[in-house]
Amino acid sequence: MLKPNSFLVIIGSEDNYSTEIQYPRSQVLLQVSDINPFYIRHEVQDSGDFNLFFGERKDSKTIDFKAPVNGTSITYSVVNKKLRVRSDLAGAEPLYYRHVNSRILLSNRLDNLIENSDRPDWDAIHCYLSFGYTLGESTFFENIQQTLPNQRLEINTGSLDVTKQIADAAPRTLNAETPSSNGRTFAKLLSDVMLTYGPMALMMSAGWDSRTLLAPQNSPITVAYTHGDTSSRECTIAKKLSGTLRTDHYFKDVKGMVIDTGLLDEMLELHGHCLWPIWHLSSKFISERFCLPITSGVIGARLGGHNGFPSVGTRFQKAFNALHLISSKIVSEEKIINDFKKHATAPHNFWFTSEKGSKIFSKTAASTTKKIHDTLDDYLKETDDFSFAIEKFNYDHVSRQYMMKQPSMAKPFQGYYSPLSHPDLLKLVYNFPFKQRVQNRLTKRVISELNADLLEFPMAATLAKAKQPIFIQELSRILRILFENIFFKLKKNRPNLGWFNYEHLYSGDFFETTIHSLISDIWSKNRMLKTIASNQKNGIEAGATMDMVCKIKTIDYYLSANNKSIKIGGAVHDENR
């Protein structure tokens with residue numbers, strides 16, 4: 001049975017697969033289940049041809065399936081016996097596919113493709129638990145793959161041959177324009193792109209990317225929304241930012257939003273993972289209250305340079321390695337690459353595994369690390385700009401597989417818009433030198449062009465106004481940290497900085513009930529409970545703990561789905577069929 005908001009394409013199908021849409025003259029069957037038209041759009045012909053798109057909400061009557069924008073498309077021709085898959089430049093909506101026996105199966109949900117005989121890809125699972133992504137085409141199972149950014153698949157539906165290629169692998173020619181000129185160019189294009197969208201609700205923090213989306217004068221943003229600790233500094237600044245535009249702004253206190261095991265189960269059913277539960281709740285609230293899609297600045301990381309090498313390591317390492325931008329004699333390229341590889345090294349031990357799980361991951365640590373490092377080396381070989389290679393590696397993995405799951409929480413509701421991941425904007429940013437973008441230098445220029453008033457307010461983590469030079473902002477950050485550390489020692493009360501303050505979860509039963517709901521024997525519930533009980537004392541944030549538990553719950557969901565057969569009288573009964 002298909003999962004909600006999903007489809008399954010079967011090439012070379014068998015009679016035991018029933019479908020809602022079926023073409024007798026074709027070797028290709030399309031099955032759809034409970035689809036939301038704000039997420040999946042498809043059209044079918046009497047001939048058996050069909051087109052399908054999934055991803056960003058599309059409000060127009062027609063869609064260019066041959067050039068998908070912020071999503072992935074599938075086109076099928078009976079006459080040509082060709083099925084083509086096209087992923088966009090961001091690749092944030094992967095298609096999962098497998099070739100088994102005489103069939104090829106494709107779906108937007110990994111859990112639609114799992115069979116009981118599938119072997120878990122423990123390296124991929126290790127990588128996911130460590131960093132939140134799987135490498136390249138890999139998934140949680142050895143024989144199931146996912147599409148890459150800007151990838152094209154062509155399947156001959158007669159022979160079942162699959163051809164793969166990356167279109168415009170690096171559409172990049174560094175321009176020689178000044179930062180001011182590039183800022184104006186991006187600001188103009190962003191304004192034009194924003195006008196192509198309908199009304200939307202901005203998921204707003206006090207950060208750079210939210211300000212970028214808020215900056216265009218003629219904007220389809222009709223309401224702003226912020227969740228978190230409403231007494232926090234970030235919420236206060238966010239309110240002032242939207243106030244400059246007199247935009248309606250709604251706030252939801254996370255303490256009043258129910259985050260429990262039942263919510264994670266609901267998310268697993270609707271999304272296939274349970275990361276970012278607060279975004280799921282917020283998307284649902286916005287849909288019910290305003291009937292609007294959400295938008296966010298998640299992919300704005302390309303403009304701000306957040307994925308570059310100065311983003312890796314401790315704050316001291318980030319600051320020190322950034323000196324490479326002044327002179328490679330101070331910090332060499334080799335040192336930065338080595339530092340990155342140290343950061344991208346899979347741990348041998350986890351605090352949540354049983355003896356069985358520990359044995360598995362102690363064996364996969366070396367192979368997982370080698371695959372990560374080899375993949376990075378491939379990126380480095382593709383370009384003579386090591387900073388771009390690191391940035392693209394982070395963008396293709398952390399951004400698209402982990403961070404982009406935030407706005408995608410709106411899929412079951414009114415959908416999402418992702419203006420900053422529009423291919424025209426991404427291609428433009430590809431051509432901007434990293435030195436111009438790093439530490440939000442170019443972002444500041446873009447906002448200054450569109451609405452300089454938004455720079456009159458500091459960031460959540462700094463004291464100086466955003467218009468001040470980076471050095472002054474970073475100095476104010478250090479002063480803030482010093483002050484708050486002293487204040488914390490005196491008052492025994494941590495400051496409330498942002499919208500990811502989940503410390504109240506430690507006083508409830510969320511972690512306990514979620515841990516007890518786990519099924520796989522690779523987890524140690526006792527170890528997990530003991531560790532979490534000491535987290536507050538050790539200064540471990542509840543938000544980071546929740547994120548890890550959500551990853552564990554997601555992996556547990558797939559391992560359980562892979563083991564749902566029970567033996568009856570020597571025969572095997574598959575609960576999935």
Side-chain angles (χ1 to χ4, degrees), residues 1-9 17-20 31-40 54-55 57 92-96 98 105-116 118 120 125 128 132 134 139-141 144 146 257-288 293-294 401-402 404-416 510-511 513-520 523 546-566 574-577:
M1 183 177 179
L2 293 187
K3 294 297 181 180
N5 286 309
S6 73
F7 63 84
L8 178 67
V9 176
Y17 276 87
S18 61
T19 59
E20 296 178 17
Q31 183 176 359
V32 295
S33 175
D34 189 29
I35 59 171
N36 183 346
F38 297 138
Y39 168 55
I40 297 177
F54 64 100
R57 170 171 166 162
E93 291 286 354
L95 180 81
Y96 301 97
R98 66 178 301 161
L105 284 73
L106 309 94
S107 180
N108 63 317
R109 291 280 299 261
L110 175 64
D111 35 359
N112 282 333
L113 303 183
I114 301 172
E115 296 186 356
N116 295 320
D118 290 338
I125 291 172
Y128 179 82
T134 59
T139 69
F140 300 145
F141 298 96
I144 303 178
Q146 63 170 308
M257 303 174 79
V258 179
I259 300 177
D260 58 15
T261 307
L263 173 64
L264 301 191
D265 290 333
E266 175 186 319
M267 292 176 63
L268 287 166
E269 179 67 13
L270 288 176
H271 306 290
H273 69 87
C274 57
L275 297 178
W276 312 111
I278 196 71
W279 282 71
H280 173 88
L281 290 172
S282 299
S283 299
K284 187 176 182 179
F285 168 78
I286 291 171
S287 175
E288 294 173 348
I294 70 167
Q401 291 191 46
Y402 178 65
M404 265 304 287
K405 283 185 169 59
Q406 292 179 344
S408 70
M409 291 294 94
K411 290 176 184 177
F413 311 117
Q414 294 288 320
Y416 70 92
F510 166 73
F511 292 118
T513 57
T514 302
I515 290 169
H516 283 303
S517 73
L518 300 176
I519 298 173
S520 174
W523 320 117
M546 179 184 70
D547 183 70
M548 191 72 250
V549 168
C550 288
K551 291 177 188 174
I552 293 168
K553 178 78 171 174
T554 298
I555 294 297
D556 189 73
Y557 167 79
Y558 283 98
L559 294 179
S560 301
N562 181 229
N563 191 28
K564 284 190 176 180
S565 63
I566 56 175
D574 185 350
E575 295 178 353
N576 286 328
R577 297 187 185 277

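Fair warning: this is a prediction, and the values are worked out from it, not measured in the lab.
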Can you find a heavy atom in the side chain of [X] that is under 4.5 Å from one in the side chain of [Y]?
X	Y	answer
Ile40	Phe7	yes
Leu95	Phe54	yes
Pro293	Tyr416	no
Ile552	Leu518	yes
His271	Trp276	no
Val9	Ser107	no
Met409	His273	yes
Met257	Phe285	no

Here the gap from His280 atom NE2 to Ile259 atom CD1, rounded to the nearest 0.5 Å, amounts to 11.0 Å
Donor-acceptor pair between [X] and [Y] side chains, under 3.5 angstrom:
X	Y	result
Tyr39	Asn108	yes
Thr261	Lys553	no
Thr134	Gln146	yes

- Mind running side chain to side chain contact (heavy atoms under 4.5 Å, CB included) on Ile519 and Leu559 for me, showing each step along the way? CA-CA 9 Å; Ile519 298 173; Leu559 294 179; over 6 Å; no
Main-chain N/O of [Y] paired with [X] side-chain donor or acceptor, under 3.5 Å:
X	Y	value
Ser6	Arg109	no
Ser287	Ser283	no
Thr139	Ile144	yes
Asn112	Leu2	no
Ser517	Thr514	yes
Asn36	Asn5	no
Ser408	Lys405	yes
Arg57	Gln414	yes

By side-chain hydrogen bond (donor to acceptor under 3.5 Å, both in side chains), Tyr558 pairs with (sequence neighbours left out) none
If I compare all heavy atoms of [X] with all of [Y], which pair ends up nearest, and what's the gap?
X	Y	answer
Pro4	Glu269	CD-O, 3.3 Å
Asp260	Leu263	OD1-N, 2.8 Å
Pro94	Tyr96	CG-OH, 3.7 Å
Cys274	Thr554	N-OG1, 3.2 Å
Pro407	Ile294	O-CD1, 3.7 Å
Asn116	Ala561	OD1-O, 4.2 Å

Practice item. Begin from the C-alpha positions of Arg98 and Leu106 and carry the test side chain to side chain contact (heavy atoms under 4.5 Å, CB included) through to its verdict. Key: CA-CA 7 Å; Arg98 66 178 301 161; Leu106 309 94; over 6 Å; no
Quick one, Phe511 with Met546, criterion side chain to side chain contact (heavy atoms under 4.5 Å, CB included). Give me CA distance, side-chain angles, the key distance, then yes/no. CA-CA 8 Å; Phe511 292 118; Met546 179 184 70; 4.2 Å; yes
Q. How far apart are the C-alpha atoms of Lys3 and Asp34, what are their side-chain angles, what is the distance that settles it, and do they pass the salt bridge (Lys or Arg N to Asp or Glu O under 4.0 Å) test?
A. CA-CA 8 Å; Lys3 294 297 181 180; Asp34 189 29; over 6 Å; no
Worksheet item: Do Leu113 and Leu8 pass the side chain to side chain contact (heavy atoms under 4.5 Å, CB included) test, and can you show the C-alpha distance, the side-chain angles, and the key distance before you say yes or no?
Response: CA-CA 8 Å; Leu113 303 183; Leu8 178 67; 3.6 Å; yes
Residues at least two apart in sequence or cross-chain that pass side-chain contact (heavy atoms from CB on, under 4.5 Å) with Asp547, listed by chain then number, are Leu275, Tyr402, Lys551
Asp556 meets the salt bridge (Lys or Arg N to Asp or Glu O under 4.0 Å) criterion, sequence neighbours left out, with none
Yes or no on side chain to side chain donor-acceptor pair (under 3.5 Å) for Tyr557 and Asp265, after CA distance, side-chain angles and deciding distance? CA-CA 9 Å; Tyr557 167 79; Asp265 290 333; over 6 Å; no
